[in-house]
Amino acid sequence: MPFSSAAINRCNLPPWVIASPAFNSHPQRLEIQGVRAAHRLLFDQLACLETREKRGLQFHDYMDVSFQLHQWEQQATERGRKSLKNSYLRFLRGWMFDANSIEGAVLKGWVESRIGLPPTYHKGPIEDIHGEAYFRYLTERMKGSARTSALLLQLDLLYEFGQYELEREKGGLGHCTLFRGVQDFSEQRILKPLGKNRHLIRLNNLTSFTTDFERAWEFGTRVMQVEVPTPKIFFRCDLLPRALLKGEEEVLVIGGDFEIKILTGG
């Protein structure tokens with residue numbers, strides 16, 4: 001079952017490479033075209049700050065000024081005010097409340113646009129780009145994107161900021177052990193078994209995991225354990241101060257074909 005992907009994307013590797021298990025085992029740096037060069041001042045500022053808290057606040061302040069997020073009250077129309085008020089934070093919060101929301105469709109749309117991987121699920125399975133399920137997802141994606149000025153550009157910078165922080169934390173590229181609770185594993189897109197409790201599965205183009213093993217049990221009778229390469233972490237919630245975003249244990253992972261281990265509970 002081949003992975004359906006776009007012919008092009010906006011990063012330095014083709015979609016089929018990013019989606020592959022080989023990429024997960026031997027990751028390479030993913031760069032969204034032109035983002036770090038365009039915002040070199042921000043990354044120079046971050047390099048001078050010693051704590052994650054300070055860097056998170058500096059990032060938000062930079063976003064605030066660059067995208068004029070603080071000027072929403074000065075807009076003459078309600079649409080103009082909402083366009084600035086509904087910043088990247090609104091969409092992260094919306095995802096954490098419901099990944100199948102309009103905000104969730106927008107974040108999945110960012111992955112499709114920039115990485116080249118379309119979603120496999122949004123309010124139901126998406127089998128191909130010609131079906132009704134894909135059309136419903138596109139409709140919500142467009143509605144959500146219309147709410148906010150330059151939203152995809154904000155998400156570009158959010159991803160690059162997260163990658164900067166993860167590389168600084170790990171001293172380069174690496175892997176993170178993450179967990180996800182599931183009620184019915186048979187509903188996953190299982191590509192093939194790999195041995196006892198191990199499988200190759202296809203994850204949705206954006207999926208929530210947690211760094212907390214015990215927390216994952218709260219969401220299912222089984223837990224998927226996966227080694228995620230840092231370039232496939234779209235965002236980790238603890239990279240921003242809690243004053244801006246709660247949900248420290250949640251990690252948003254860019255999908256593809258992953259080798260996973262299933263842990264069963266009593």
Short question: side chain of Asn9, backbone of Gly116 - any donor-acceptor pair under 3.5 Å? no
Tell me the closest heavy-atom pair linking Phe258 and Pro229, and the distance in Å. CE2-CD, 4.2 Å
Taking the side chain from Lys108 and the backbone from Ala99, do they hold a donor-acceptor pair closer than 3.5 Å? yes
Looking at every heavy atom in both Gly220 and Gln183, which two are closest together, and how far apart are they? CA-NE2, 3.6 Å
Hey, is Arg189 close enough to Glu127 for a salt bridge, meaning N to O under 4.0 Å? yes
Under the 3.5 angstrom rule, does the side chain of Asn12 hit a backbone N or O of Glu31 as a donor-acceptor pair? yes
Does Arg168 have more than 12 heavy atoms from other residues, nucleotides or ligands lying within 6.0 Å of its CZ? yes
Does a side-chain heavy-atom distance below 4.5 Å link Glu112 with Arg141? yes
Can you check whether Val226's main-chain N or O pairs, donor with acceptor, with Lys261's side chain at less than 3.5 Å? no
Rounded distance [0.5 Å steps], CG in Leu152 versus CG in Leu157: 13.0 Å
For the pair Arg236 and Glu250, find out whether any cationic side-chain nitrogen is under 4.0 Å from an anionic carboxylate oxygen. no
Between Phe234 and Trp110, how do the two ring planes meet: parallel, tilted or perpendicular, split at 30° and 60°? tilted
Would you call the rings of Phe179 and Phe213 parallel, tilted or perpendicular, taking 30° and 60° as the class edges? perpendicular
Which atom of Cys176 lies closest to which atom of Thr230, heavy atoms considered: SG-CG2, 4.1 Å
Under the salt bridge (Lys or Arg N to Asp or Glu O under 4.0 Å) criterion, do Arg29 and Glu167 qualify, and how do the steps go? CA-CA 10 Å; Arg29 183 174 288 104; Glu167 288 188 27; 2.9 Å; yes
Report yes if the distance between the aromatic ring centroids of Tyr62 and His39 is under 6.0 Å, otherwise no. yes
Nearest heavy atoms of Leu245 and Cys237, plus distance in Å: CD2-SG, 4.2 Å
Is the side chain of Arg55 donor-acceptor paired with the backbone N or O of Leu49 at a distance under 3.5 Å, no angle test? yes
Heavy-atom check, side chain of Leu30 versus side chain of Gln28, under 4.5 Å: no
Does atom CZ of Arg10 have more than 12 heavy-atom neighbours, drawn from other residues, nucleotides or ligands, at distances under 6.0 Å? no
So does Ile233 get a backbone contact from the side chain of Gln163, meaning a donor-acceptor N/O pair under 3.5 Å? yes
Judged by atom type as modelled, is there a donor-acceptor pair below 3.5 Å linking the side chain of Glu140 to the main-chain atoms of Ala105? no
Backbone N or O of Phe135 within a donor-acceptor pair of the Thr139 side chain at under 3.5 Å? yes
So which atom in Asn204 and which in Pro119 form the shortest heavy-atom distance, rounded to 0.1 Å? OD1-CA, 3.3 Å
Between the side chains of Ser186 and Asp184, does any donor sit under 3.5 Å from an acceptor? yes
If you measure only the distance, is there a donor-acceptor pair under 3.5 Å linking the side chains of Glu187 and Tyr121? no
Do the non-hydrogen side-chain atoms of Pro231 and Leu173 ever get within less than 4.5 Å of each other? yes
Any chance you could measure Leu166, atom CG, to Leu239, atom CG, to the nearest 0.5 Å? 5.5 Å
Verify the cluster assignment for Leu206 and Leu153: are they in a single hydrophobic cluster under the rule of side-chain heavy atoms below 4.5 Å apart? yes
Same apolar cluster: Leu92 and Leu244, side chain cutoff 4.5 Å: yes
Any carboxylate oxygen within less than 4.0 angstrom of a Lys/Arg side-chain nitrogen, looking at Arg198 and Glu259? no
For Leu240 against Gly56, the heavy-atom pair lying closest together: CD2-O, 3.9 Å
Asp257 side chain to Pro21 main-chain N or O, any donor-acceptor pair under 3.5 Å? no
Apply side chain to side chain donor-acceptor pair (under 3.5 Å) to residues Glu132 and Tyr137 and explain how you reach the verdict. CA-CA 9 Å; Glu132 184 177 345; Tyr137 145 74; over 6 Å; no
State whether the number of non-hydrogen atoms from other residues, nucleotides or ligands found under 6.0 Å of Glu218 atom CD is greater than 12. yes
Would you say His175's side chain and Asn24's backbone share a donor-acceptor pair under 3.5 angstrom? yes
Is it the case that the ring center of Phe219 lies less than 6.0 angstrom away from the ring center of Phe209? no
Please answer: with hydrophobic residues joined when any side-chain heavy atoms are less than 4.5 Å apart, are Val253 and Ile262 in the same cluster? yes
With respect to Phe59, which candidate in Tyr88, Phe235, Tyr159 satisfies the ring-ring contact (aromatic ring centres under 6.0 Å, His included) definition? Tyr88
Working for side chain to side chain donor-acceptor pair (under 3.5 Å), residues Thr211 and Glu249: CA-CA 6 Å; Thr211 57; Glu249 299 156 353; over 6 Å; no
Going by atom types alone, do Glu103 and Ser101 pair a side-chain donor with an acceptor below 3.5 Å? yes
Got Val111 and Leu107 here, is their nearest side-chain heavy-atom distance under 4.5 Å? no
Taking the six-membered ring for Trp, are His122 and Tyr134 closer than 6.0 Å centroid to centroid? no
